[in-house]
Colleague: 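Just passing along the structure, written as structure tokens.
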Amino acid sequence: MMRFDIKFFVVLFALVSVVALGQRIEEDCAANSETAESCFQYISSACKNTTFIADRLSYGNSCSNISLFWGGPMNNMTIFFDSHSLKSYELCISQVACTKAFYTTEDRHEIPIKWNPSNEEPVCFPALNGNRPAMRFRFDAGDRWICYGTTINFFYKF
Ligand SMILES: *[C@@H]1O[C@H](CO)[C@@H](O)[C@H](O)[C@H]1NC(C)=O
Ligand SMILES: *[C@@H]1O[C@H](CO)[C@@H](O)[C@H](O)[C@H]1NC(C)=O
Ligand SMILES: *[C@@H]1O[C@H](CO)[C@@H](O)[C@H](O)[C@H]1NC(C)=O
């Protein structure tokens, strides 16, 4: 009798866990990431709408160019590039393979980013008067896993 009860609760617990996990996957969540090191940081998706804050201060002041490596890119990765700058600046992002990228404007419209296919020139986004200390972009890698990983290279012009 005792054994039966324990088995029952184990099965029940497993079912509840699966349901809870299923719901978690549908929600927005924070990316998995490793500590920033030498102007480089590894990130990966944790759900279908993942968000990540690329905090400029966490990379130190000596990075002229910062690289995020997004491992196993799939679905949406929304990145807040936090410059912490209250002055005018530009954020420049190089072409990101395996994804479509969208810039969120101040009035929360999303604009698709058109990379120049003939060169690797980064696309720059100005923040005038320092009214946007952080800029928001969404990278959509689609719902099929096609890339081992992709690099998001960016830098600031102050
Ligand atoms: C991701 O976010 C978008 C916009 O908020 C929403 O339409 C979509 O259903 C979300 N996807 C999941 C799997 O939660
Ligand atoms: C940024 O650094 C990466 C890795 O070192 C390099 O591949 C890329 O070309 C650099 N981008 C710019 C714009 O300097
Ligand atoms: C990614 O975000 C877009 C825009 O919010 C949404 O339409 C799309 O359904 C999202 N993809 C997933 C897998 O949730």
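Order of listing sets the numbers, starting from 1, for every ligand and every atom in it. Model, not experiment: these values are computed from the prediction.
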Colleague: So if I count the atoms of ligand 3 from 1 in the order they appear, which ones are less than 4.0 Å from some heavy atom of Asn75?
Modeller: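 So the answer, numbered in order with elements, is 13 (C).
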Colleague: Is there a donor in the side chain of Ser94 and an acceptor in the side chain of Trp115, or the other way round, less than 3.5 Å apart?
Modeller: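 No pair is found: no donor N or O on one side chain lies under 3.5 Å from an acceptor on the other.
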Colleague: Does atom 2 (O) of ligand 3 have any protein heavy atom closer than 4.0 Å?
Modeller: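 So atom 2 (O) of ligand 3 has protein heavy-atom neighbours under 4.0 Å.
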Colleague: Need the ligand 3 atom indices (1-based, order shown) with element for anything under 4.0 Å from a heavy-atom of Asn76.
Modeller: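 This gives 1 (C), 2 (O), 3 (C), 8 (C), 10 (C), 11 (N), 12 (C), 14 (O) as the contact atoms.
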Colleague: If hydrogens are left out, which of Met77, Arg138, Lys48 has an atom nearest to atom 4 (C) of ligand 3, that is, the closest non-hydrogen atom?
Modeller: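 Nearest heavy atom to atom 4 (C) of ligand 3 lies in Arg138.
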Colleague: How many angstroms lie between CG in Asn153 and SG in Cys39, if you round to the nearest 0.5 Å?
Modeller: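 It comes to 11.0 Å.
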Colleague: Using a 4.0 Å cut-off to any heavy atom of Asn49, which atoms of ligand 1 qualify?
Modeller: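 The atoms of ligand 1 under 4.0 Å from a heavy atom of Asn49 are 1 (C), 2 (O), 3 (C), 8 (C), 10 (C), 11 (N), 12 (C), 14 (O).
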Colleague: For this output row, return yes or no: ring centroids of Phe125 and Phe137 closer than 6.0 angstrom.
Modeller: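 Yes.
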Colleague: Going by atom types only, do Ser118 and Asn116 share a side-chain donor-acceptor pair under 3.5 Å?
Modeller: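 Looking only at side-chain atoms, Asn116 and Ser118 do form a donor-acceptor pair, the distance falling under 3.5 Å.
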Colleague: Do you see a protein non-hydrogen atom under 4.0 Å from atom 9 (O) of ligand 3?
Modeller: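 Given the 4.0 Å cut-off, atom 9 (O) of ligand 3 does not count as touching protein heavy atoms.
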Colleague: Measuring only between side-chain heavy atoms, which start at C-beta, is Ser85 closer than 4.5 Å to Pro133?
Modeller: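 Not touching, per the 4.5 Å side-chain cut-off.
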